[in-house]
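For reference, the structure is listed below as structure tokens.
To find a chain, count down the sequence lines: A is the first, B the second, and so on, and within it residues start at 1. Keep in mind the model is a prediction, meaning the values are calculated, not measured.
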Amino acid sequence: MDFTHQKEFTRLLLDWHRKENRREMPWKGIRDPYRIWLAEIILQQTRVEQGREYYERFVEAYPTLADLAAAREEEVFRLWQGLGYYNRCRNLLHTARELMKSHGGVFPKNYEELLSLKGIGPYTAAAIASFAFDLPHAVVDGNVLRVLARYFALHTPIDTPAGKKYFTRLANELIPPEEPAIFNQAIMDLGATICKPQAPNCGQCPLNSFCKAFHQRKQEQFPVKLTRKTIRERYFHYLVCWFGDKTIIRKREEKDIWCGLYEFPMIERERLAGKELLLEDPAWKNLLPDGCWELKGITERKQQLTHQLIHARFFYVETTREPRILSPQILVQGKQLHQYAFPGIIVRYLHCVQQPLLL
DNA sequence: AATACGGGGAT
DNA sequence: ATCCCAGTATT
């Protein structure tokens with residue numbers, strides 16, 4: 001590959017990082033691979049400010065890999081509640097246990113073995129390899145893609161496997177083998193603080209004298225993406241059935257959104273449905289024996305996900321007889337609900353509507 | 001190669 | 001509303 005001003009890129013970036021502001025983060029500069037790993041998993045597709053408190057929470061609850069591996073899954077998911085991308089949480093625990101069981105509780109010290117672990121992809125493997133072990137692997141995240149696409153004015157789309165490979169190879173040409181961690185830290189800091197997605201601060205960018213996109217005043221046109229978007233609309237109907245101070249929940253195990261979280265008995269339909277149709281459905285009818293229940297209220301909420309818009313309708317019902325639970329449903333007390341992790345749409349519903357029952 | 005997977009902040 | 005965030009797994 002032939003790129004102009006490669007040498008200047010690395011030199012100016014490191015010079016800038018040596019003197020300029022660095023964002024303060026609890027995981028910055030640490031060498032413990034466990035905590036680096038934990039931070040990187042939390043930060044996948046997550047803003048630093050959103051992830052920070054989750055990191056603190058996890059370090060407090062599980063100071064070491066062994067502590068995390070020994071934790072109950074329900075508890076770990078409860079700590080993760082609200083962060084999104086819940087497979088990260090499942091893989092986190094899986095890999096913690098895998099490391100304790102098959103690796104003597106020690107992180108592998110090379111890129112390939114790190115990459116083979118569940119939940120660790122190219123970015124996270126490079127982050128652990130460089131930050132914990134000083135290995136010369138360049139991280140390639142959204143910041144890096146943007147900085148490189150602009151500096152070299154590269155039209156290669158960043159959101160394809162081929163594009164990722166292309167930018168990864170470039171980043172690995174630029175990284176100085178003697179201080180990979182500093183380089184990785186610096187390029188992400190630059191992307192986050194100066195080479196921002198919108199309205200980049202090119203005027204005070206340390207690289208502006210060699211930045212090809214800036215020279216063309218086209219910095220906003222990079223990076224190039226193959227935009228595609230289809231939003232699916234879904235209609236969830238929840239039965240919030242109270243028998244005294246107890247209600248029914250179940251864990252979402254299917255391969256779908258919110259896998260691993262809990263929810264109320266739910267019927268999905270092509271469109272919003274009324275109580276007449278839903279209460280005829282065997283799934284709910286069997287839970288509510290004739291004549292001993294009463295519908296007390298209906299609440300609607302929406303939640304926008306990346307590729308789905310969820311319309312939820314909550315049916316608040318009280319019964320005078322104990323519902324006939326079918327596995328994997330469970331009957332829990334309202335005051336125990338806080339032990340389980342729920343999707344945001346349910347958390348907000350409970351918070352606003354069901355306060356007295358939760359105490 | 002395309003798609004799914006969350007939730008929140010910034011504009 | 002739209003974009004994007006210290007990405008990864010699956011099909």
query = So what does A:W80 hit on the nucleic acid, given a heavy-atom distance under 4.0 Å: a base, only sugar-phosphate, or nothing?
reply = nothing

inquiry  = What's the gap between B:dG6 and C:dT11 when it is taken at their P atoms, as a whole Å value?
reply    = 15 Å

message = What's A:D256 touching, base or sugar-phosphate or nothing? Going by heavy atoms closer than 4.0 Å.
response = sugar-phosphate

message = Would you call the rings of A:W258 and A:F236 parallel, tilted or perpendicular, taking 30° and 60° as the class edges?
response = perpendicular

task = Just call it for A:A39: base, sugar-phosphate, or nothing, with non-hydrogen atoms closer than 4.0 Å on any strand.
result = nothing

No-H, no-angle donor-acceptor pair, A:T46 side chain to B:dG6 base, under 3.5 Å = yes

Sugar-phosphate only, base, or nothing, as touched by A:Q308 at under 4.0 Å among non-hydrogen atoms = sugar-phosphate

key: Sugar-phosphate only, base, or nothing, as touched by A:K164 at under 4.0 Å among non-hydrogen atoms   = nothing

ask   = At their closest point, which heavy atom of A:Y55 faces which heavy atom of A:P26, and how far apart are they?
value = CE2-CB, 3.7 Å

ask   = Should the pair A:Y349 and A:F264 be assigned to parallel (<30°), tilted (30 to 60°) or perpendicular (>60°) ring geometry?
value = perpendicular

ask   = How is A:Q81 classified with respect to the nucleic acid when contacts are heavy atoms under 4.0 Å: base, sugar-phosphate, or nothing?
value = nothing

inquiry  = Considering every strand and a 4.0 Å limit on heavy-atom distances, what is the contact class for A:Q198: base, sugar-phosphate, or nothing?
reply    = sugar-phosphate

ask   = If you pin A:N184 and A:L115 to their nearest nucleotides in DNA chain C, which one's is more 5'?
value = A:N184

request  = Name the nucleic acid region contacted by A:P197, choosing base, sugar-phosphate or nothing; use a 4.0 angstrom heavy-atom cut-off, strictly under.
outcome  = sugar-phosphate

request  = Report the residue (A:R146 or A:I120) whose heavy-atom-nearest nucleotide on DNA chain C is the more 5′ of the two.
outcome  = A:R146

request  = Confirm from the modelled atom types if A:T124 and C:dG7 form a donor-acceptor pair under 3.5 Å, side chain to base only.
outcome  = no

